[in-house]
Each structure stands twice: as C-alpha cells, then as structure tokens.
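Model, not experiment: these values are computed from the prediction. Throughout, protein chains are lettered first and strands after them, A, B, ... in sequence-line order, and every chain is numbered starting at 1.
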Number of protein chains: 2
Amino acid sequence: MSANSQPRSASAESKARLRLWLRLLKSTRGVEAELRERLRQEFGSTLPRFDVMAALSRFDAGLKMSALSGVLRVSNGNVTGIVDRLADDGIVVRVQVPGDRRATLVRLTRKGQEEFARQAAAHELWIDELLGDFDGDEATDLAARFDAMAHREEDR
Amino acid sequence: MSANSQPRSASAESKARLRLWLRLLKSTRGVEAELRERLRQEFGSTLPRFDVMAALSRFDAGLKMSALSGVLRVSNGNVTGIVDRLADDGIVVRVQVPGDRRATLVRLTRKGQEEFARQAAAHELWIDELLGDFDGDEATDLAARFDAMAHREEDR
DNA sequence: CAAAAATGTTTTGAGCTTGAAATACTTTTT
DNA sequence: AAAAAGTATTTCAAGCTCAAAACATTTTTG
C-alpha cells in the first residue's frame, strides 16, 4: 500500500551501495598500495610505468600517443611524461609515423620487452597472493559481474 | 591423479584472479574518475579533500594530523598539503593540543560542516547511480565479501 | 587554394602522492 | 639533569594526474 514504501527501501539500498563502494575502494587501494610498494622494491618502478608497458606489450607495432592514452584512459599530457621517462631508461622508443609528421608511435624496445616479461610474471604471482581470498570460480563470477558494471559505465 | 594436477588448475585460478583484478581496477577507476569530475564541476573540489572532510566529520573533537593520515591510510606529508589548502579555504582549522606542543588537532569549521553535508548528500546520490547495477542484497553480500578481503590485507 | 576546422602531441600550472630527511618537542634512560 | 630514544609534523625531491592552452600538422571547406 501507500505511495511511500519506496523511499524507505530506496534509502536502504542506497546505503548498501555506499557501503559496497567504501569497501571496494578500501580493498582496491590496499592491493594497489601493495603492488606499488613491490614494484618499487623489486624493480625500482611504478604502477603507471607498468600499465604503459602492459599496454604496449599487446601491440608489437606500437601505439600512437593518443591511442595509448585512450587505452589507459588517462590524459594525453600524463602519458607524455611517463613515456619520456621510460624512453630515458631505454624501455620504449618513439618512432615517427611515415606520412603524418604530427604523430609518433611508441614501442617497447627489446630491453623493454624483457623487463616487462619479468615484471608481469611477478605481478601475476602477487595478484594471485593478494586476491587469494577468492577461489577460481568466485573470481570468475565476480569478474563477469564487474565486467557488466564496467560496460555500463562506458555508456555514460 | 598424478602429482601435477595442481599446476594446471592453480594456473587457471591465477588467471581468473588476474582477470578479476583487472575488472575491479577498471570499475573502481571508472567510478572514481566520475566522482572526481562531478566534485570538480559541482563543488570545485577534489576526492582527497572530500576524503579528509569525511574523516573529520566523524570526529567532532577533531583529529591529530597523524591520526588523520592513519585513518585515510596516506602519508603524513600528503595530509599536510591537503589540510593546508582546506585551511586556506576556511573548511578546517588547526588547533593546538594543550600539553603537547608538537601536535595539532584538525577540525571542520562550521562552514566545513555545512559544505561537507552538501557534498556528502550529492555523493550518496552519485554512488547510488553509479553502482545502480547492484541491487540492495547483492551490494550487501559483496560488501561483506570485500570486507573480509580488506581485513585479510590488514594482517599483512 | 586559402581559410577554417580537425587531429596529434607537448607544455603549463595546480594539486596529489610517496619515502626520506629535517625540525621540534616529549619521554625515557642513565 | 644531560643524553638518548621516541613521537608529531613539515619539508623536500621526484613522479603522477588532470584540464586547458599552445603548437604543429593535416584535412576539409568555402
């Protein structure tokens, strides 16, 4: 009955979502902090650098700066700085795109590929440890669930 | 049987966890990006500022700088900067702790309380919208699940 | 074909973030 | 009570992050 049965349950739902958000944030920040720390300790590197290397590792032909910032969903200027430092370290190279003098292609060097392979192997072990609470089936279910959510986000 | 039935399934489990982690990261980063954008647009503020205000709002008597960085799980120096700017804007005040001239207590001002109330109300609506994929029960279940995980993290 | 619009990247300025060093004060030890 | 150890906070240097502005080049349009 009554037109106002909604408000009460809507509010309870809203509180439940807020609680979920706070837990999600705490969990992912915790894992991220641990990953940062280990990348720093074990490889003298950072998460943003790892993310750039991971993205480039999927494209042997390299990526344009704009494509890279698109894949990573960070700003152009941001990628400029990270790639600068990665290039200084010989992990990536910038290559002119023939026929378009505005664009540059960024590619992992041989050294970059080797370095990424080492880090990615360690990274997978770390994740396995840090998300050890979830067994294979639960992880698979949740991954599908959050994939749906991530997709809904994209349409916004 | 065989001694090597473990490796195969362990690896599949590890892949499932890695996939989960990537989805989790994508989802939470997406929501965070949206929150940042809205805080900027609607309130000319940022997530770190919101986090500090939220923490202080739970302690009428104020928090010491070290307690604040403890609650937020960020470095001391980090909090110094955010509190500096919040103080410049009249959102918080630093108060001397009687009997200990090293410490300072940070408290929301009246203005800070009012500002936080407005932002928190909007924030709750935003989260309700952004996590709209999850109904109340699912949100409650998942919150408990990630709480368990976050607790395991703390023991590390 | 010149002007205008679009595309690709870097620069800039402000704020966030960290770990380590510096500073200031308090408590404990000798 | 001086020395040493511990606690509270800020400063520093380096890197990450964004939005907006600046630049350079290419494509489209009038």
Side-chain angles (χ1 to χ4, degrees), chain A residues 25 29-30 32-53 55 62-89 91-106, chain B residues 25 29-30 32-53 55 62-89 91-106:
Chain A
L25 210 49
R29 282 183 179 172
E32 271 193 273
E34 190 64 29
L35 291 177
R36 273 178 218 288
E37 173 66 10
R38 294 186 186 189
L39 277 174
R40 195 176 70 87
Q41 295 284 354
E42 310 284 324
F43 299 108
S45 193
T46 67
L47 217 33
R49 288 166 64 105
F50 182 81
D51 288 346
V52 166
M53 286 191 265
L63 279 176
K64 287 200 283 192
M65 290 297 282
S66 47
L68 189 49
S69 69
V71 168
L72 297 174
R73 295 167 158 281
V74 300
S75 66
N76 282 355
N78 190 354
V79 172
T80 296
I82 300 170
V83 167
D84 282 352
R85 287 180 288 271
L86 247 18
D88 287 347
D89 296 347
I91 302 289
V92 305
V93 271
R94 277 188 239 244
V95 187
Q96 280 303 311
V97 172
D100 189 342
R101 286 187 300 175
R102 294 168 304 182
T104 43
L105 228 40
V106 189
Chain B
L25 209 49
R29 281 183 179 174
E32 270 193 276
E34 190 65 28
L35 292 176
R36 273 178 217 287
E37 173 66 10
R38 294 186 187 189
L39 278 173
R40 195 177 70 89
Q41 294 283 352
E42 310 284 324
F43 299 108
S45 192
T46 67
L47 218 34
R49 287 166 63 103
F50 182 82
D51 288 346
V52 166
M53 288 191 264
L63 278 176
K64 288 201 282 191
M65 290 297 283
S66 47
L68 190 48
S69 70
V71 168
L72 297 174
R73 295 166 157 283
V74 298
S75 65
N76 284 354
N78 190 355
V79 172
T80 296
I82 299 170
V83 166
D84 282 351
R85 285 179 289 272
L86 246 18
D88 287 346
D89 295 347
I91 302 290
V92 305
V93 272
R94 276 188 240 240
V95 187
Q96 280 303 312
V97 173
D100 189 340
R101 286 188 299 176
R102 292 168 303 182
T104 44
L105 227 40
V106 189

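Computed from coordinates, the B:K64 NZ to D:dA8 P distance equals 5 Å when rounded to whole Å. Rounded to whole angstrom, the span from the CG atom of A:L63 across to the P atom of C:dT9 amounts to 10 Å. Computed from coordinates, the B:L39 CG to D:dC18 C1' distance equals 14 Å when rounded to whole Å. Taking atom CG on A:L47 and atom P on D:dC16, their separation rounds to 10 Å, with Å as the unit. Nucleotide C:dT10 holds its P atom 10 Å from the CD atom of A:Q96, rounded to whole Å. Atom CG of B:D84 and atom P of D:dT11 are 7 Å apart (whole Å). Here D:dT11 presents its C1' atom at 12 Å from CE of B:M65, a figure rounded to the nearest Å. Atom CG in B:L35 sits about 14 Å away from atom P in D:dC18, given to the nearest Å.
Nearest to the side-chain atoms of B:S66 among the listed nucleotides C:dT26, C:dG8, D:dT9 stands D:dT9. Listed candidates were C:dT10, D:dT10, D:dA8. Nearest to the side chain of A:R94 is C:dT10. The side chain of B:T104 sits closest to D:dT9 out of C:dC25, D:dT25, D:dT9.
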What does the B/S/- profile of nucleotides 15-22 of chain C look like, 5' to 3', with a 4.0 Å heavy-atom cutoff to protein?
SSSBS---

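The distance from atom CD of A:E42 to atom CD of A:E37, rounded to the nearest 0.5 Å, is 9.5 Å. The structure places CG of B:L86 at 5.0 Å from CZ of B:R49, a figure rounded to the nearest 0.5 Å. Rounding to the nearest 0.5 Å places CG of A:L68 at 13.5 Å from CZ of A:R73.
Regarding contacts with the backbone of D:dA24, every side-chain N or O of A:R101 stays at 4.0 angstrom or more from both OP1 and OP2.
Ion pairing of A:R29 with A:E32 is absent here, as no side-chain N (NZ or NE/NH1/NH2) approaches a carboxylate O to less than 4.0 Å.
At a cut-off of 3.5 angstrom, the base of C:dT26 holds no donor-acceptor pair with the side chain of B:R102.
The shortest side-chain heavy-atom distance between A:R36 and A:T46 does not fall under the 4.5 Å cut-off. Looking only at side-chain heavy atoms (C-beta outward), B:S69 and B:K64 stay at 4.5 Å or farther from each other.
The minimum heavy-atom distance linking A:V92 with A:V83 is given by the pair CG2-O, 3.9 Å.
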